[in-house]
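Data block below; observations after.
Start at 1 with the first residue, then count along the sequence.
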Amino acid sequence: PYLQGWLDAGEEARVFEGSLPHKLLVFDGASAIVAVAPTEDHPKISCLVIRDPMIVNGFLTLFNTFWEQSVPLRLQDLGARTRKRAAART
């Protein structure tokens with residue numbers, strides 16, 4: 001319910017049609033949070049907080065690459081995309 005309000009306020013949102021390598025958040029170009037998949041030894045999903053400038057810059061480059069390959073989000077298209085993905089899985 002909040003997405004339309006954010007878009008109306010000027011936020012940009014994009015959709016990447018392929019698969020992404022991992023979940024990633026970058027804050028102010030100075031910190032990144034990366035989800036770490038569970039393993040047998042660590043069955044819970046956890047995250048790494050990264051503040052090393054070179055590593056964060058690498059994640060920003062990765063993010064920007066995927067952002068440029070994505071298309072702007074249009075809420076009216078969400079239903080069609082969901083149906084298309086569901087059909088592709090069957």
Q.
Are the side chains of V56 and V26 in contact, using a 4.5 Å heavy-atom criterion?
A. yes
Q: Give, for atom CZ of F59 and atom CE of M54, the distance between the pair rounded to the nearest 0.5 Å.
A: 13.0 Å
**Q.** C47 to A35 - nearest heavy-atom pair and separation
**A.** SG-CA, 4.1 Å
Q | Separation between CD of Q69 and CZ of R14, rounded to the nearest 0.5 Å | A | 10.5 Å
Q: Using a 4.5 Å cut-off on heavy atoms from C-beta on, say whether the side chain of V15 contacts that of S70.
A: no
Q | Distance, nearest 0.5 Å, that separates CG of L20 from CZ of F66 | A | 5.5 Å
Q: Only counting residues at least two apart or in another chain, list the ones meeting side-chain contact (heavy atoms from CB on, under 4.5 Å) with H42.
A: T39
Q | Test side chain to side chain donor-acceptor pair (under 3.5 Å) applied to D28 - qualifying residues, sequence neighbours left out | A | none
Q. Heavy-atom distance under 4.5 Å between the side chains of L73 and L3, does that happen here?
A. yes
**Q.** Residues that F63 engages under ring-ring contact (aromatic ring centres under 6.0 Å, His included), provided they are two or more places apart
**A.** W67
Q | Minimum side-chain heavy-atom gap P38-K44 below 4.5 Å | A | no
Q. Roughly how far apart are L24 CG and I50 CD1, rounded to 0.5 Å?
A. 8.0 Å
**Q.** Flag side-chain contact, heavy atom, 4.5 Å: R51 against V49
**A.** yes
Q | Donor-acceptor pair between N64 and E68 side chains, under 3.5 angstrom | A | no
Q.
Return the CG to OG distance between L25 and S31, rounded to the nearest 0.5 Å.
A. 11.0 Å
Q) Hey, does I33 have a side-chain heavy atom less than 4.5 Å from the side chain of F27? A) yes
Q. T65 side chain to T61 main-chain N or O, any donor-acceptor pair under 3.5 Å?
A. yes
